[in-house]
**Q** 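My questions will all concern the structure given below.
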Amino acid sequence: MAIYEINGGTPLSGTVTISGAKNAAVAILPAALLVKGQCRIENVPDISDVRILLEMLRGMGARIEQPEAGVVVMDCTDVGFCQPDSVLVKKLRASYYLMGVLLSRYGRSLVALPGGCSFASRPIDQHIKGFKALGAAVTETDEYVSMEPGPNGLCGNRVSLDVVSVGATVNIMLAATLLPGQTVIENAAKEPHIVDLANFLNTMGARISGAGTDTVKIRGVEALQGGTYAIIPDQIEAGTYIAAVAATGGDVLVKNVIPKHMECITSKLEEMGAEITNYDDSIRIRSSGKLCGTTVKTRPYPGFPTDMQAQICVCMALAGGTSRLTESVYETRFFGYCTELESMGAYIQVEGKTATVYGKESLHGATVRARDLRAGAALVIAGLAAEGVTRVENIHYVERGYERLIEKLTALGAKIRRVEEY
Ligand code: EPZ
């Protein structure tokens with residue numbers, strides 16, 4: 001089993017370049033199946049979730065080349081209807097985007113239920129609600145979701161989501177793209193990766209408006225043609241590095257970011273005492289490592305992202321005073337990492353949706369275990385800031401979403417290495 005071994009206590013300094021956004025890539029790559037022609041997709045992160053999706057799409061008949069780092073050239077013109085490999089589907093949550101894609105292109109779909117990080121119950125009832133509103137007859141079992149046209153056929157419709165769901169917004173956008181008629185998604189998610197998907201689809205000839213607001217309109221088109229598109233930078237990867245510098249202290253220029261996407265994250269870290277300077281496509285963070293406590297409530301975008309909950313908690317654990325962290329998206333997300341942080345000396349009390357974090361002067365190294373992607377990233381940050389040696393197990397979670405993590409952190413002066421056989 002591979003682990004990360006970290007010698008903590010070194011302030012981070014230098015420059016780090018952020019990769020393409022994981023949650024945009026895992027929506028855009030399946031979306032290429034809607035295109036009859038060649039798509040050149042740039043700034044694709046080399047992470048395990050992307051590698052699994054590409055293997056899945058190749059298995060479905062997509063012609064995929066990767067001529068250089070970060071570039072995927074995909075041609076799905078001749079891809080016939082088929083069920084994606086269930087073993088691969090179960091390896092990541094975003095596999096469920098193939099439900100919407102297959103329904104849109106072939107008028108039917110058969111996809112196993114997805115896998116992915118299980119830090120909370122992650123239902124798909126809103127996805128199903130959307131598919132049914134588009135006229136699909138949906139059969140759900142414990143293993144898969146299958147769809148075919150209902151008695152009135154498939155066509156655009158109005159869908160009002162009961163909860164703000166990124167996945168459901170994406171899946172309904174994908175399903176509606178090639179259907180006749182207009183679809184309106186109300187109470188839609190507004191995350192940057194929703195906008196990125198809409199921009200990709202529109203580049204290929206779709207007619208989507210309102211992405212990034214709570215009302216997204218999709219006018220169905222007959223077909224999409226090929227083109228070139230570059231994926232946006234990953235705001236959560238960038239936020240993770242910024243939180244790491246805040247926790248360890250140091251001075252780092254974070255390149256290839258969209259500062260607008262980072263506002264909620266950077267403003268919170270400024271409140272805690274970090275010094276943030278925004279440039280056009282980069283952010284400089286300076287920190288003494290001495291932070292002060294604050295209050296954070298996670299919210300759907302543009303609020304403080306739930307995917308930064310664990311990382312900011314580490315900063316709170318090292319901050320002066322008491323902090324409060326309230327989770328509004330996934331209530332049980334704390335359990336992926338708080339116990340592990342306590343084994344490093346943190347003092348955190350979780351009651352329902354709120355964690356009260358009593359800041360400590362320092363954390364000490366320990367052997368800890370990642371339980372999901374962002375929890376694992378938080379444990380790496382804790383190890384970088386702690387005194388002594390920290391070993392992080394289950395690092396496959398972390399490698400799902402962070403491209404070249406060891407290389408990027410080492411370049412910032414971190415003493416971290418990947419130990420293959422532990
Ligand atoms: C996406 O998950 C992201 N994953 C998650 O990032 C992220 O935490 C989440 O959005 C929130 O921003 C990808 O984009 C691949 P949701 P998703 O549907 O789409 C409830 C990471 O670390 N809900 O927005 O699954 C749900 O239970 C990952 O990169 C329903 O009730 O999240 C949750 O409480 C982890 N019914 C809330 O909505 C549904 O049908 C938001 O979930 C769907 C969701």
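Both ligands and their constituent atoms are indexed starting at 1 by order of listing.
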**Q** Just to be sure I read this right, does ligand 1 sit under 4.0 Å from the backbone of His127, its side chain, both, or neither, counting only heavy atoms?
**A**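 The answer is both.
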**Q** With heavy-atom distances below 4.0 Å as the criterion, list the atoms of ligand 1 near Gln126.
**A**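 Within the 4.0 Å cut-off of Gln126, ligand 1 contributes 36 (N), 39 (C), 40 (O).
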**Q** Does ligand 1 have a heavy atom under 4.0 Å from the side chain of Tyr96, from its backbone, from both, or from neither?
**A**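 Under 4.0 Å from ligand 1, Tyr96 contributes side-chain atoms alone.
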**Q** Return each pair, listed once, that meets ring-ring contact (aromatic ring centres under 6.0 Å, His included) where at least one residue sits in residues 176-212; pairs must be two or more places apart or across chains.
**A**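 As it turns out, the ring-ring contact (aromatic ring centres under 6.0 Å, His included) pairs with a partner in residues 176-212, which skip direct neighbours, are Phe200-Tyr229.
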**Q** Please tell me whether Thr354 and Arg324 have a donor and an acceptor in their side chains that are separated by less than 3.5 angstrom.
**A**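 Not at all, the side chains of Thr354 and Arg324 share no donor-acceptor pair under 3.5 Å.
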**Q** Can you tell which of Asn23, Asp307, Thr332, Ile236 gets a heavy atom nearest to atom 8 (O) of ligand 1?
**A**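 That would be Asp307.
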**Q** If you count the atoms of ligand 1 from 1 in the order shown, which ones are under 4.0 Å from a heavy atom of Gly167?
**A**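 Checking each atom against Gly167, I get 18 (O), 19 (O).
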**Q** Is the contact between Thr306 and ligand 1 made by the side chain, the backbone, both, or neither, using heavy atoms and a 4.0 Å cut-off?
**A**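 For Thr306, the contact with ligand 1 is made by the side chain alone.
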**Q** Judged by non-hydrogen atoms, does Ala189 sit under 4.0 Å from ligand 1?
**A**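 Ala189 does not count as a contact of ligand 1 under the 4.0 Å cut-off.
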**Q** Check Glu42 with Arg40, please: is the shortest side-chain N to carboxylate O separation under 4.0 Å?
**A**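 Salt bridge between Arg40 and Glu42, a charged N being under 4.0 Å from a carboxylate O: yes.
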**Q** Which of the numbered atoms in ligand 1 are under 4.0 angstrom from any heavy atom belonging to Ser165?
**A**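 Taking each heavy atom of Ser165 in turn, ligand 1 has 16 (P), 18 (O), 24 (O), 43 (C), 44 (C) under 4.0 Å.
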**Q** Could you tell me, atom by atom, which parts of ligand 1 come under 4.0 Å of a heavy atom of Lys22?
**A**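 Every atom of ligand 1 under 4.0 Å from some heavy atom of Lys22: 21 (C), 29 (O).
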**Q** Relative to the heavy atoms of Ile124, which atoms of ligand 1 are at a distance of less than 4.0 Å?
**A**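 So the answer, numbered in order with elements, is 39 (C), 40 (O).
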**Q** Check whether more than 12 heavy atoms from other residues, nucleotides or ligands sit under 6.0 Å from atom CD of Gln349, and answer yes or no.
**A**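 Above 12, so yes.
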**Q** Backbone, side chain, both or neither: what part of Tyr330 comes under 4.0 angstrom of ligand 1, heavy atoms only?
**A**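 Side chain only.
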**Q** So, Arg391 and Glu5, do they make that salt bridge, N to O below 4.0 Å?
**A**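 So Arg391 pairs with Glu5 through a salt bridge.
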**Q** Could you tell me which atoms of ligand 1, counted from 1 in the order shown, lie closer than 4.0 angstrom to a heavy atom of Val163?
**A**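 By the 4.0 Å cutoff, the relevant atoms are 23 (N), 30 (C), 31 (O), 38 (O).
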**Q** Counting both backbone and side chain atoms, is some N or O of Ala94 under 3.5 Å from an N or O of ligand 1?
**A**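 By distance alone, the answer is no.
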**Q** So, Tyr402 versus Thr240: side-chain donor-acceptor pair below 3.5 Å or not?
**A**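 Side chains of Tyr402 and Thr240: pair found under 3.5 Å.
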**Q** Would one find an N or O of Val26, backbone or side chain, under 3.5 Å from an N or O of ligand 1?
**A**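 No, no N or O pair falls under 3.5 Å.
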**Q** Examine the proximity of ligand 1 to Val164 and report which part, side chain or backbone, both or neither, has a heavy atom under 4.0 Å away.
**A**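 Backbone only.
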**Q** Between Val254, Ile242, Leu253, which is the residue that forms a side chain to side chain contact (heavy atoms under 4.5 Å, CB included) with Val16?
**A**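 Among the candidates, only Val254 passes.
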**Q** Under the side chain to side chain donor-acceptor pair (under 3.5 Å) definition, can you give me all pairs with a residue in residues 48-60, not counting sequence neighbours?
**A**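 The answer is Asp46-Arg51, Asp49-Arg400, Arg58-Gln66.
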**Q** Report the residue from Arg371, Gln309, Arg374, Gln311 that forms a side chain to side chain donor-acceptor pair (under 3.5 Å) with Tyr337.
**A**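 Single pass found, and it is Gln309.
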**Q** Do Thr356 and Glu351 meet the criterion of a side-chain donor-acceptor pair at a distance under 3.5 Å?
**A**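 There is no such pair (donor and acceptor under 3.5 Å, judged by atom type) between the side chains of Thr356 and Glu351.
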**Q** Please determine whether side chain to side chain donor-acceptor pair (under 3.5 Å) holds for the pair Thr266 and Glu263, giving the CA-CA distance in whole Å, both sets of side-chain angles, and the decisive distance to 0.1 Å.
**A** CA-CA 5 Å; Thr266 49; Glu263 280 175 355; over 6 Å; no
**Q** When you look for heavy atoms under 4.0 Å from ligand 1, do you find them on the side chain of Leu373, its backbone, both, or neither?
**A**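 Side chain only.
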**Q** With backbone taken as N, CA, C and O and side chain as the heavy atoms from C-beta onward, which portion of Arg374 lies under 4.0 Å from ligand 1: side chain, backbone, both, or neither?
**A**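 It is the side chain that touches ligand 1; the backbone stays farther off.
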**Q** Quick check on contacts: which atoms of ligand 1 are under 4.0 angstrom from a heavy atom of Arg333?
**A**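 Taking each heavy atom of Arg333 in turn, ligand 1 has 8 (O), 22 (O), 35 (C) under 4.0 Å.
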**Q** Would Arg418 and Glu420 pass as an ion pair if we require N to O under 4.0 Å?
**A**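 Salt bridge present between Arg418 and Glu420.
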**Q** Which of the listed options, Ser328, Ala377, Pro123, Ala310, holds the heavy atom that is closest to atom 27 (O) of ligand 1?
**A**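 It is Pro123 whose heavy atom sits nearest to atom 27 (O) of ligand 1.
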